[in-house]
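I have placed the structure first, in the form of structure tokens, so that the comments after it can refer back to it.
If you're wondering where the values come from, they're calculated on a predicted model, not measured in any experiment.
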Amino acid sequence: MMARLYCVVVTLLLLAEVSGFEEGATNPGVVARITRKGLAYARQLGVAILKKELSTIKLPDFSGSFKVSWIKTVSYDFYRLTIHRFELRNSDLRLRPRQGVRASLSNNYMFVSGNWKVKKAFVTLDGTFDVNVDGISISVSLNLGKDQSGRPTASVAHCRNSIGHISVDISGQLSWILNLLHKRIENNFKNILEQKIREMVRKSTTSHLEPYLRTPPVSSRIDQVAGIDYSLVGAPKVTSQVLDTPFKGEFFGQNWHSPALFDAPPIRLPEKHDHMVYFAVSEYVFNTASRVYHQAGLMNFTIQNHHVSRGGRRLEVGGIGGIP
């Protein structure tokens, strides 16, 4: 049901940041923040994806039997169930402080059609049916974290769904027989749909979202000299206003990868929520870059006479900060 909603969650995980990482734990070099405005935009993208995916749900056939006093037991089958329309009326994507995100759909509508068949001894009757399903509500809560490799993780914490009302319209040869069992048939439809939705939510997480989050690289090659490590140094931090994730942001040499001899300072972003996304980069990123290129012999600069201005004025040279 939430198939491909993992695309939205991945976007949130890769855009997040912290309002203040205190000293003691490893401080990030790069911090990104998504606000509730950004979350609203992600919700719009998610709704467009969901609307397309929901129309592709395959509903299983189901069968049963009932007793009619004068003809005893009759068996029935409902098959070739097809979803023709799915209306997403209300949707919401919000933050769950200290945990993750919650996605919900409410008061939605679905129209389904299919075929039915009734058997009694050697007699077989068949026809078609239409089902109107109203008041479909789904709520999924995801816990966000990080694994040992520094990649983001997401797992389903809670999954709830309900259906408000189902109306079945049966037509065909002697359809009045099945109309005697409207309530039982509608309950069967309701149970099947609710079970199918729960299965799809779990499957979307275990088969799509979790494997996808394990695949992105946590470092990249910059050039022949350096690469950058942007693995997570902590789990995403969630408040009621922002979703924050800390990235390492450390340059390393392509031929050697020793830890930096200095720590990253704490990063604190102002409490502003006017934009969808905020980024912060500390001097740690630039210092690790200058360290790598200096050790590779690419940061040496010889000052000659023509570099010094005449008249006793001070020479000012700008550039990347060096390492003490």
Side-chain angles (χ1 to χ4, degrees), residues 2 4-23 25-51 88-106 138-147 150-159 204-205 208-210 212-213 216 218 228 230-249 264-286:
M2 303 297 281
R4 300 293 177 86
L5 184 57
Y6 69 90
C7 294
V8 178
V9 179
V10 169
T11 302
L12 298 178
L13 288 169
L14 297 180
L15 286 179
E17 178 275 12
V18 306
S19 56
F21 290 96
E22 302 300 331
E23 297 187 35
T26 301
N27 292 319
V30 178
V31 162
R33 160 175 291 176
I34 183 169
T35 65
R36 293 172 70 176
K37 264 189 179 178
L39 208 66
Y41 179 71
R43 179 189 62 80
Q44 294 175 9
L45 295 179
V47 167
I49 294 171
L50 276 175
K51 194 170 184 179
L88 292 176
R89 295 171 178 168
N90 299 302
S91 60
D92 187 38
L93 186 62
R94 65 178 57 193
L95 299 169
R96 299 168 59 236
R98 297 181 299 278
Q99 294 177 320
V101 295
R102 185 183 70 186
S104 61
L105 304 171
S106 61
I138 309 159
S139 178
V140 183
S141 296
L142 295 175
N143 286 341
L144 305 181
K146 85 172 189 74
D147 62 17
R151 291 179 173 85
T153 62
S155 58
V156 176
H158 303 287
C159 176
S204 294
T205 303
H208 296 287
L209 178 58
E210 291 178 358
Y212 186 86
L213 292 178
V218 292
I228 186 169
Y230 46 84
S231 59
L232 300 183
V233 296
K237 180 181 177 183
V238 186
T239 70
S240 60
Q241 298 294 324
V242 295
L243 172 62
D244 302 341
T245 295
F247 298 94
K248 192 169 187 178
I267 294 180
R268 294 181 178 86
L269 270 75
E271 292 299 323
K272 292 182 179 181
H273 310 127
D274 299 332
H275 300 289
M276 292 190 292
V277 178
Y278 290 87
F279 290 97
V281 180
S282 78
E283 61 266 32
Y284 178 79
V285 177
F286 301 104

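- Shown here for Ala235 and Lys146, the closest heavy-atom pair between the two residues is N-CD, 4.1 Å.
- The two residues Leu144 and Ala154 make their nearest non-hydrogen contact at CD2-CB, 4.0 Å.
- In this structure, the separation between CG on Leu39 and CG on Leu243 is 7.5 Å, given to the nearest 0.5 Å.
- The shortest heavy-atom contact between Tyr284 and Lys248 is CE2-O, 3.9 Å.
- Listed for the Asn27 side chain is a donor-acceptor partner under 3.5 Å among the backbone atoms of Ala264.
- Taking every heavy atom of both residues into account, His273 and Thr35 meet most closely at CA-CG2, 4.1 Å.
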Could you please spell out the steps behind the side chain to side chain contact (heavy atoms under 4.5 Å, CB included) verdict for Val101 and Leu95?
CA-CA 5 Å; Val101 295; Leu95 299 169; 4.0 Å; yes
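- Listed here is the closest heavy atom pair of Ile267 and Pro28: CD1-O, 3.5 Å.
- Rounding to the nearest 0.5 Å gives a distance of 12.5 Å between OG of Ser282 and CZ of Arg268.
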Arg102/Ser139 under side chain to side chain contact (heavy atoms under 4.5 Å, CB included): CA gap, chis, key distance, verdict
CA-CA 7 Å; Arg102 185 183 70 186; Ser139 178; 3.6 Å; yes
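- Atom CG of Leu105 and atom CG of Asn90 lie 9.0 Å apart (nearest 0.5 Å).
- Proximity of a side-chain donor or acceptor of Arg151 to a complementary backbone N or O of Pro216 within less than 3.5 Å is detected.
- Note that the CZ atom of Arg98 and the NZ atom of Lys237 stand 10.5 Å from one another [nearest 0.5 Å].
- In terms of heavy atoms, Leu142 sits closest to Arg96 at O-NH1, 3.3 Å.
- Under the 3.5 Å distance criterion, the side-chain polar atoms of Lys37 are matched with a main-chain donor or acceptor of Asp274.
- Annotation: the span from Gln241 atom CD to Arg33 atom CZ amounts to 9.5 Å, rounded to 0.5 Å.
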Go through the steps to decide whether Phe286 and Val281 satisfy the test side chain to side chain contact (heavy atoms under 4.5 Å, CB included), and finish with yes or no.
CA-CA 9 Å; Phe286 301 104; Val281 180; 3.9 Å; yes
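- In this structure, CD1 on Ile228 lies 11.0 Å from CZ on Phe247, to the nearest 0.5 angstrom.
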